[in-house]
Amino acid sequence: MHPLLPSLLAAFLYAGASGYQGLRLSQRATPNKRLLILCGAAALLAHGVSLFFQLVTPAGLNLDFFNAASLIAAAVILLILVACARIPVENLLMLLLPLGALTVLLAAFMPGGTAQPIDEHIGILSHILLSILAYGLLTIAVFQALLLLLQDYQLKHKHPSGLIKNFPALQTMESLLFGFLWAGWSLLSLSLLSGWLFVDNLFAQHLAHKTILSCIAWIVFGVLLWGRHQLGWRGHKAVRWTLAGFCLLMLAYFGSKLVREFILHI
């Protein structure tokens, strides 16, 4: 099967689920959670088939810039769909479903970079898996922070929209944010540890920027979690620190990949 067909199907299903959710929220009605999850899961299944054909090559895993973005988006959506069964996070799909549609189309239509296929031992593969899960959870955290910021703004100005009326209480939203941050920071810690154990030289020329920025991001998230526990940080301060850590982490991975694959061609 050509990967274009499942890619287009995934984008169509993501767009349909996103359109349904947006329409219901604009009508100040609650979307049918089961239907939303079902549509999201169908889109994710097609996304997964597309990723299989794009990632798996005879030479190893093809984790170029757009394939990596598509893989992380799929991981994020999977985590949220699973979490929906236990916690009220379906509003995050409003941001994540369009992200899934965008990344699956970019991976299908944009030219590949110069990234070499990855055919490594289990240690390197475990490092990659931990990194993807860490990026995924911290991406969820930053989207949760943005929704929290929007909710706080509208409540303070006493103009809650139909969207905000479907959100959990502000305290619950904040608790979810820090739950995602704790999980993401823990996985990022394991990712950095596995890199130290299994990567030959984390500070080699092509890895130095990624390693340094990832470590700084780890410190930023760690300070934020310490500030929450010791000083009760919340609200705008928590959102600012979350965004700062996320930007550093995205620069570490996608910034370095963009420069290497499309500017330096190495």
Side-chain angles (χ1 to χ4, degrees), residues 10 13-45 47-48 70-104 132-155 160-188 221 224-225 228 234-236 238-239 241-243 245-246 249-250:
L13 291 171
Y14 279 136
S18 180
Y20 164 72
Q21 187 179 24
L23 178 63
R24 295 294 292 168
L25 291 174
S26 68
Q27 296 171 342
R28 296 180 177 266
T30 303
N32 185 304
K33 185 175 179 178
R34 182 174 296 180
L35 178 61
L36 185 62
I37 292 174
L38 183 62
C39 292
L44 184 62
L45 179 60
H47 194 163
S70 181
L71 178 59
I72 291 174
V76 169
I77 294 169
L78 174 61
L79 290 170
I80 287 299
L81 290 176
V82 172
C84 278
R86 299 292 300 272
I87 54 179
V89 291
E90 58 271 15
N91 286 306
L92 283 168
L93 292 173
M94 177 183 59
L95 301 174
L96 297 177
L97 294 175
L99 178 67
L102 176 63
T103 56
V104 75
I132 288 170
L133 291 174
Y135 293 156
L137 280 166
L138 291 170
T139 299
I140 293 171
V142 81
F143 283 151
Q144 179 72 12
L146 293 174
L147 291 181
L148 180 64
L149 193 63
L150 176 63
Q151 183 181 28
D152 181 64
Y153 175 83
Q154 293 208 358
L155 289 175
S161 63
L163 169 65
I164 299 300
K165 289 183 178 179
N166 283 281
F167 281 15
L170 195 64
Q171 185 176 1
T172 302
M173 291 282 286
E174 199 168 73
S175 297
L176 288 172
L177 168 62
F178 281 95
F180 290 133
L181 285 170
W182 271 112
W185 184 76
S186 300
L187 284 170
L188 182 60
F221 285 120
L224 169 58
L225 293 170
R228 167 70 170 183
R234 54 181 301 178
H236 285 219
V239 171
W241 279 80
T242 301
L243 292 175
F246 180 77
L249 200 59
M250 291 301 101

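- Closest approach of Met173 to Gln144, counting heavy atoms only: O-NE2, 3.1 Å.
- Atom OG1 in Thr139 sits 8.0 Å away from atom CG in Leu99 (nearest 0.5 Å).
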side-chain contact (heavy atoms from CB on, under 4.5 Å) evaluation trace for Leu78 with Val82: CA-CA 6 Å; Leu78 174 61; Val82 172; 4.1 Å; yes
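- Across all their heavy atoms, Leu176 and Pro88 have their closest contact at CD1-O, 3.8 Å.
- Taking all atoms of both residues into account, the shortest heavy-atom contact from Ala43 to Leu13 is CB-CB, 3.5 Å.
- With rounding to the nearest 0.5 Å, the separation of CD1 in Ile132 from CG in Leu187 is 12.0 Å.
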Leu137/Leu188 under side-chain contact (heavy atoms from CB on, under 4.5 Å): CA gap, chis, key distance, verdict: CA-CA 9 Å; Leu137 280 166; Leu188 182 60; over 6 Å; no
Trace of the side-chain contact (heavy atoms from CB on, under 4.5 Å) decision for Leu181 with Trp241: CA-CA 11 Å; Leu181 285 170; Trp241 279 80; over 6 Å; no
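- The CG atom of Leu35 lies 11.0 Å from the CD atom of Gln21; values are rounded to the nearest 0.5 Å.
- Enclosure of atom CD in Gln171 is not indicated, since only 12 or fewer non-hydrogen atoms of other residues, nucleotides or ligands lie within 6.0 angstrom.
- Across all their heavy atoms, Ala169 and Gln151 have their closest contact at C-NE2, 4.2 Å.
- Contact check for Leu93 versus Leu81: side-chain heavy atoms found under the 4.5 Å cut-off.
- Under a 3.5 Å cut-off, the side chain of Ser18 and the backbone N or O of Tyr14 do not form any donor-acceptor pair.
- Contact between Ala141 and Leu177 at its shortest, heavy atoms only, is O-CD1, 3.2 Å.
- Note that CG of Leu224 is 10.5 Å distant from CG of Leu243, once rounded to the nearest 0.5 Å.
- Counting only heavy atoms from C-beta outward, the side chains of Leu149 and His236 approach each other to under 4.5 Å.
- Without hydrogens or angle criteria, Tyr20 side chain to Asn32 main chain gives a donor-acceptor distance under 3.5 Å.
- Among all heavy-atom pairs drawn from Val76 and Ile140, the shortest one is CG1-CG1, 3.5 Å.
- Remark: Ile80 CD1 to Asn91 CG distance equals 10.5 Å, nearest 0.5 Å.
- Using a distance-only test at 3.5 Å, with no hydrogens or angles considered, no donor-acceptor pair links the side chain of Glu174 to the main chain of Leu148.
- Atom-to-atom distance recorded for Thr103:OG1 and Ile72:CD1 is 10.0 Å, nearest 0.5 angstrom.
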Intermediate values then yes/no, side-chain contact (heavy atoms from CB on, under 4.5 Å), Thr172 and Ser175: CA-CA 5 Å; Thr172 302; Ser175 297; 5.6 Å; no
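- Looking at Asp152 and Val239, their side chains never come closer than 4.5 Å, going by heavy atoms from C-beta outward.
- For Arg24, the CZ atom sits in a packed shell: over 12 heavy atoms of surrounding residues, nucleotides or ligands are nearer than 6.0 Å.
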